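Have a look at the structure below, then the notes.
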Amino acid sequence: DKPVAAGLGLGINVKEAQGVMIVDIGAETTEISVLSLGGIVISRLIQNGGRSIDDAIQSAIRKEFNFFIGSKTAEAIKKGLACAIEPDGSSMQICGRNMVVGLPQMMEITSEFVYEAIKEQLGIIMDAVKTILERTPPELGVDIIQNGIYLTGGSARIRNLDQLLQQKSGIRVTVDEEPEMSVAKGLARVMVDRDFRSLAFVTKEQKYE
Ligand SMILES: Nc1ncnc2c1ncn2[C@@H]1O[C@H](COP(=O)(O)OP(=O)(O)OP(=O)(O)O)[C@@H](O)[C@H]1O
Ligand SMILES: [Mg+2]
């Protein structure tokens, strides 16, 4: 299972841990999972992630400035300027098409603008985490509070996203240094590490929703 692999990649001993929460914010989706003793207890997949954040930036720029940018540009803006808490006052020159005159142009985009544009998408992800925490059995919840929440996936690189999640959940958040690699690293560990090999054949009952 992907969340179990992610947990291993994060260096968590998922086989022993009573309660671990992993929030994997990828490109197309966000997967929020609670693991216990190597199996998935609760997992929820929502269709929000890096891509929907890019789309939000693209449509905010179109609406506000009548300026069309491609999705690659939107992603570059996100990587350059997006932050989840306080925008830092930085800005960027971007290329696009002025839709009024129909010509290519440059314009400046600020981190404040991007912050406002992506707020709603980040909020949806935060709310989904809260919902899962509310549905987590209390005995596991206590363990999650002690272990903290593990934030992973490429979109975990959005600046201060860990802090936002920490504020919203009241639980300490740990981010992997190479968040897009957690699943791959975990799979490698399953293959190499005898101790974890049994996890490759997990047959525990799972509750997906
Ligand atoms: N520095 C960065 N800042 C913000 N977002 C980033 C950064 N680097 C990568 N991303 C985003 O991370 C996402 C890719 O993450 P990841 O590789 O975990 O996705 P994936 O596993 O391929 O997708 P999914 O899990 O949805 O199938 C992309 O949306 C990308 O824009
Ligand atoms: Mg992924």
Side-chain angles (χ1 to χ4, degrees), residues 1-12 14 20-35 40 42-61 69-96 109-129 132 149-166 173-190 199 206 208-209:
D1 291 322
K2 226 163 63 166
V4 177
L8 281 170
L10 291 163
I12 308 165
V14 293
V20 174
M21 176 176 262
I22 296 174
V23 177
D24 176 356
I25 312 180
E28 306 295 334
T29 60
T30 293
E31 188 167 23
I32 302 152
S33 315
V34 175
L35 314 180
I40 299 170
I42 314 177
S43 181
R44 184 173 176 205
L45 193 72
I46 58 170
Q47 307 295 321
N48 301 77
R51 188 59 174 276
S52 63
I53 292 168
D54 299 346
D55 290 348
I57 293 172
Q58 192 180 30
S59 84
I61 291 176
I69 56 166
S71 54
K72 285 268 181 274
T73 303
E75 186 181 23
I77 294 169
K78 173 183 69 180
K79 289 183 180 177
L81 297 178
C83 44
I85 296 188
E86 292 203 348
D88 57 10
S90 58
S91 65
M92 222 171 120
Q93 288 290 327
I94 59 160
C95 299
I109 288 292
T110 65
S111 61
E112 278 81 8
F113 184 84
V114 174
Y115 172 76
E116 291 299 329
I118 68 174
K119 219 174 186 175
E120 186 186 359
Q121 282 302 315
L122 297 184
I124 291 170
I125 296 170
M126 297 301 120
D127 287 347
V129 174
I132 293 289
I149 295 173
Y150 291 86
L151 181 58
T152 180
S155 302
R157 288 191 185 274
I158 293 174
R159 268 167 292 162
N160 294 333
L161 191 55
D162 53 336
Q163 281 185 51
L164 180 67
L165 182 55
Q166 197 155 316
V173 175
T174 305
V175 199
D176 194 25
E177 272 171 35
E178 293 174 291
E180 61 285 322
M181 297 297 288
S182 305
V183 174
K185 282 194 285 192
L187 288 175
R189 236 179 119 192
V190 173
L199 291 174
Q206 292 161 17
Y208 279 98
E209 37 187 315

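Atoms within a ligand are numbered from 1 in the order they appear, just like the ligands themselves. None of these values were measured; they are calculated from a predicted model.
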So [Y] and [X], do their side chains get closer than 4.5 Å, heavy atoms only?
X      : Y     : value
Leu81  : Ser90 : yes
Ile61  : Ile77 : yes
Gln121 : Asp55 : no

Taking only heavy atoms of [X], which atoms of ligand 1 are found under 4.0 Å from at least one of them?
X      : answer
Glu28  : 26 (O)
Gly50  : 29 (O)
Gly153 : 18 (O)
Glu75  : 28 (C), 30 (C), 31 (O)

- What is the minimum heavy-atom distance between Gln166 and Val173, and which atoms define it?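 Answer, listing the atom of Gln166 first, then Val173: OE1-N, 3.1 Å.
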- Task: Could you tell me which non-hydrogen atom of Glu86 sits nearest to which non-hydrogen atom of Cys83, and how far apart they are?
- Result: O-SG, 3.5 Å
What is the closest protein heavy atom to [atom], and at what distance does it sit?
atom                    : result
atom 2 (C) of ligand 1  : Arg157 CB, 3.5 Å
atom 27 (O) of ligand 1 : Thr29 OG1, 4.5 Å
atom 25 (O) of ligand 1 : Gly26 CA, 3.7 Å
atom 24 (P) of ligand 1 : Ala27 N, 3.6 Å
atom 17 (O) of ligand 1 : Glu180 CB, 3.6 Å
atom 4 (C) of ligand 1  : Ile158 CG1, 3.6 Å

Heavy-atom proximity to [atom], best of [options]:
atom                    : options                     : answer
atom 11 (C) of ligand 1 : Lys78, Glu31, Gln47         : Lys78
atom 18 (O) of ligand 1 : Ala82, Gly154, Ala76        : Gly154
atom 7 (C) of ligand 1  : Arg51, Lys72, Lys79, Met181 : Lys79

- Do you know which of Asp127, Ile25, Asn48, Leu164 makes side-chain contact (heavy atoms from CB on, under 4.5 Å) with Leu122?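 One option only clears the test, and that one is Leu164.
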- Task: Using atom types as modelled and distance alone, determine if a side-chain donor or acceptor of Arg159 lies under 3.5 Å from a backbone N or O of Pro87.
- Result: no
- Message: Please enumerate all residues that pass side chain to side chain donor-acceptor pair (under 3.5 Å) together with Thr73, with sequence neighbours excluded.
- Response: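 Once residues adjacent in sequence are excluded, Thr73 has no partner under the side chain to side chain donor-acceptor pair (under 3.5 Å) criterion.
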- Task: Verify the neighbour count for atom CD of Glu116: are there more than 12 heavy atoms of other residues, nucleotides or ligands below 6.0 Å?
- Result: yes
- Cut-off 3.5 Å, side chains only: do Asp88 and Ser111 have a donor facing an acceptor?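 Looking only at side-chain atoms, Ser111 and Asp88 do form a donor-acceptor pair, the distance falling under 3.5 Å.
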- Query: Does some non-hydrogen atom of the protein lie less than 4.0 angstrom from atom 21 (O) of ligand 1?
  - Reply: no
- Message: Protein heavy atoms near atom 31 (O) of ligand 1, is at least one of them under 4.0 angstrom away?
- Response: yes
- Message: I'd like to know if Gly49 contacts ligand 1, where contact means a heavy-atom distance under 4.0 Å to any ligand atom.
- Response: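 Contact absent.
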